[in-house]
Participant: 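Quick one: structure below, then a few questions.
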Amino acid sequence: MPGNVVRFIAGSTLVLTAACGGTTAAETGKPVVDAAFFPLQWLAEKVGGADVTVEGLTKPGVEPHDLELTPQQVAGVAKASLVVYVKGVQPAVDEAVAQHAADRGFDAATAVPKIDAPHDEHAGEEEEHGHEELVYDPHIWLDPSRMATLATALGGRLAEVDPAHEAAYKERAKKTAAELGDLDFKMATGLMRCANRTIVTAHTAFGYLANRYKLDQVGIGGIDPDAEPSPARLAEAARIAKEEKVTTIFTEELVSPKVAEVLASEVGAKTAVLNPLESPPQGGDYISGMTANLTALRTALGCQ
Ligand SMILES: [Zn+2]
């Protein structure tokens with residue numbers, strides 16, 4: 001049948017075009033998901049699987065809070081099928097979504113219960129830069145149980161965008177939520193019996209982790225890691241660290257460890273890395289990054 005041959009050839013051409021890749025759904029034949037930064041990109045890839053094209057807006061190794069978008073990225077946001085972001089982390093992304101993708105933005109913070117932004121009575125106006133109107137802490141991804149809730153919500157949202165693959169999105173969402181549930185259990189049991197429950201961190205990113213596993217976070221800087229802590233804040237952190245017999249001051253790879261090192265030497269503690277996972281851990285993913293955080297916490301806090 002000559003008709004069938006023609007259809008077969010036309011079908012092959014379509015497949016070849018799709019394999020070349022592209023940045024719009026029309027080019028790839030798949031929804032294009034723009035993910036604002038690492039944990040959201042990881043989640044979009046897990047839940048979207050081969051049914052979507054995921055584009056990350058923040059390059060690995062770049063501190064995402066001060067991300068500026070290129071004109072091409074803004075154009076990408078305008079064309080994306082879905083933009084996954086957390087309002088309050090990156091003002092440039094918030095603005096691009098509001099202006100160009102208001103109906104296609106998925107603010108992950110709307111899918112989970114939020115906790116208040118850490119309050120620092122010593123913070124000057126400069127320290128609050130970029131976060132003036134933020135009343136909640138945006139670092140929701142540092143609690144695996146909230147990430148599990150988010151996986152399910154993202155599966156539902158992708159099914160709305162691309163109903164033909166609803167079952168696949170929901171199946172992958174369920175599997176991802178189960179993996180995150182296992183991680184949550186591991187962290188809860190690993191942090192249950194510890195000599196100390198106070199964590200002193202350079203960047204106040206671990207509010208949700210502390211909340212979930214009943215730890216007390218003392219943030220030296222603000223929720224924006226570039227903010228310089230005031231001398232009063234630093235003195236307060238040193239006082240608490242001594243009082244609570246803290247052995248370790250936590251720092252992170254993408255931010256200068258100077259402030260944490262000064263504090264550590266002042267109170268006789270050492271420093272260790274606690275990764276806020278705003279960028280992918282070297283050679284790892286969200287699960288392995290959180291597992292490394294669990295190991296660092298168990299050592300610093302003397303957990304059994
Ligand atoms: Zn942060």
Side-chain angles (χ1 to χ4, degrees), residues 38-39 42-43 46 86 108-109 112-119 136-152 176-221 223 225 237-238 240-255 257 260 263-264 267-282 284-304:
F38 169 67
W42 176 81
L43 200 67
K46 292 281 280 185
V86 176
V112 295
K114 288 181 281 295
I115 60 177
D116 290 345
H119 178 66
Y136 60 88
D137 180 346
H139 298 91
I140 53 171
W141 60 91
L142 287 160
D143 167 8
S145 74
R146 280 177 170 85
M147 276 290 269
T149 304
L150 202 51
T152 307
T176 306
E179 267 180 68
L180 290 162
D182 289 346
L183 173 66
D184 176 48
F185 180 76
K186 231 168 96 180
M187 295 194 68
T189 48
L191 296 171
M192 201 177 275
R193 284 173 301 275
C194 307
N196 200 316
R197 303 203 77 81
T198 301
I199 55 169
V200 181
T201 64
H203 164 199
T204 311
F206 300 91
Y208 288 89
L209 188 150
N211 179 271
R212 178 72 182 164
Y213 306 115
K214 301 184 175 59
L215 304 174
D216 298 311
Q217 175 184 235
V218 179
I220 308 170
I223 51 175
I240 299 171
K242 278 184 201 154
E243 203 173 279
E244 299 296 330
K245 301 184 171 57
V246 162
T247 63
T248 308
I249 308 293
F250 286 111
T251 180
E252 64 190 77
E253 277 153 10
L254 299 183
V255 174
L263 184 64
V267 303
K270 52 188 182 193
T271 61
V273 169
L274 193 60
N275 193 336
L277 293 171
E278 293 177 354
S279 193
Q282 278 204 335
D285 65 4
Y286 174 83
I287 303 271
S288 68
M290 284 303 271
T291 305
N293 280 344
L294 173 60
T295 303
L297 286 167
R298 282 177 50 79
T299 304
L301 301 176
C303 305
Q304 290 171 10

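Counting from 1, the numbers follow the sequence of the chain as shown. Side chains are part of it too, since the values below use all heavy atoms of this structure and drop only hydrogens, waters and symmetry mates.
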Participant: Are the side chains of T176 and T152 in touch, meaning some heavy atoms are under 4.5 Å apart?
Facilitator: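 Answer no - side chains too far apart.
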Participant: Step by step, work out the side chain to side chain contact (heavy atoms under 4.5 Å, CB included) result for T247 and N196.
Facilitator: CA-CA 9 Å; T247 63; N196 200 316; 5.7 Å; no
Participant: Please give me the minimum heavy-atom distance between P144 and M187, naming the atom from each residue.
Facilitator: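 Answer, listing the atom of P144 first, then M187: CG-SD, 3.9 Å.
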Participant: Is there a side-chain contact between D184 and R212, using heavy atoms and a 4.5 Å cut-off?
Facilitator: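 A side-chain contact under 4.5 Å exists here.
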Participant: Quick check for you: to the nearest 0.5 Å, what is the distance between C303 atom SG and R197 atom CZ?
Facilitator: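 The distance works out to 6.5 Å.
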Participant: How many angstroms lie between CG in D216 and CZ in F206, if you round to the nearest 0.5 Å?
Facilitator: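 Atom-to-atom, D216:CG and F206:CZ are 15.0 Å apart.
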Participant: To the nearest 0.5 Å, tell me how far R298 CZ sits from R193 CZ.
Facilitator: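 Here the interatomic distance stands at 9.0 Å.
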Participant: Less than 4.5 Å apart, any side-chain heavy atom of E252 and any of N275?
Facilitator: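 No, their side chains stay 4.5 Å or more apart.
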Participant: Walk me through whether M290 and L142 qualify under side chain to side chain contact (heavy atoms under 4.5 Å, CB included).
Facilitator: CA-CA 8 Å; M290 284 303 271; L142 287 160; 4.0 Å; yes
Participant: Give the minimum heavy-atom separation between R146 and P113, together with the two atoms involved.
Facilitator: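 Reported closest heavy-atom pair: NE-O, 2.7 Å.
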Participant: Mind checking the OG-CG spacing from S288 to N293? Nearest 0.5 Å is all I need.
Facilitator: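 If I round to the nearest 0.5 Å, the distance is 10.0 Å.
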Participant: Counting only heavy atoms not in Q304, do more than 12 fall under 6.0 Å of its CD?
Facilitator: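 No.
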Participant: Between CG of L180 and NZ of K46, what distance do you get to the nearest 0.5 Å?
Facilitator: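 So the gap between those two atoms works out to 8.0 Å.
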Participant: Any sub-3.5 Å donor-acceptor pair from D137's side-chain atoms to I115's backbone N or O?
Facilitator: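 Flag not set: sc D137 to bb I115 has no pair under 3.5 Å.
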Participant: One pair to check against side chain to side chain contact (heavy atoms under 4.5 Å, CB included): I240 and V200. What are the steps and the verdict?
Facilitator: CA-CA 9 Å; I240 299 171; V200 181; 5.8 Å; no
Participant: What heavy-atom pair brings I249 and V246 nearest, and what distance separates the two atoms?
Facilitator: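 Heavy atoms only, the tightest pair is CD1-CG1, 4.2 Å.
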Participant: Under 3.5 Å, side chain of Y208 to main-chain N/O of W141, donor-acceptor pair present?
Facilitator: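 No; zero donor-acceptor contacts below 3.5 Å.
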Participant: Any side-chain heavy atom of N211 within less than 4.5 Å of one from D143?
Facilitator: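 N211 does not reach D143 side chain to side chain.
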Participant: Which pair of heavy atoms, one from A269 and one from T248, lies closest together, and at what distance?
Facilitator: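 Between these two residues, the closest heavy atoms are CB-N, 3.9 Å.
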Participant: Is the count of non-hydrogen atoms from other residues, nucleotides or ligands lying under 6.0 Å from K114 atom NZ greater than 12?
Facilitator: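 Enclosed: over 12 neighbouring heavy atoms sit under 6.0 Å from NZ of K114.
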Participant: Identify the two heavy atoms, one from L183 and one from Y286, that lie closest to each other, and give their separation to 0.1 Å.
Facilitator: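 Residues L183 and Y286, closest heavy atoms: CD2-CE2, 3.8 Å.
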Participant: Would you say the side chain of I220 lies within less than 4.5 Å of the side chain of L263, judging by non-hydrogen atoms?
Facilitator: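 Counting from C-beta outward, L263 and I220 do come under 4.5 Å.
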Participant: Under 3.5 Å, side chain of D285 to main-chain N/O of W42, donor-acceptor pair present?
Facilitator: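 Side chain of D285 to backbone of W42: no pair is present.
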Participant: Is any side-chain heavy atom of P276 closer than 4.5 Å to a side-chain heavy atom of H139?
Facilitator: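 With C-beta onward as the side chain, the pair stays apart.
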Participant: Determine, step by step, whether T201 and L209 satisfy the side chain to side chain contact (heavy atoms under 4.5 Å, CB included) criterion, reporting the C-alpha distance in whole Å, the side-chain angles of both residues, the deciding distance to 0.1 Å, and the verdict.
Facilitator: CA-CA 12 Å; T201 64; L209 188 150; over 6 Å; no
Participant: Please give me the minimum heavy-atom distance between A296 and F250, naming the atom from each residue.
Facilitator: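 The answer is O-CZ, 4.1 Å.
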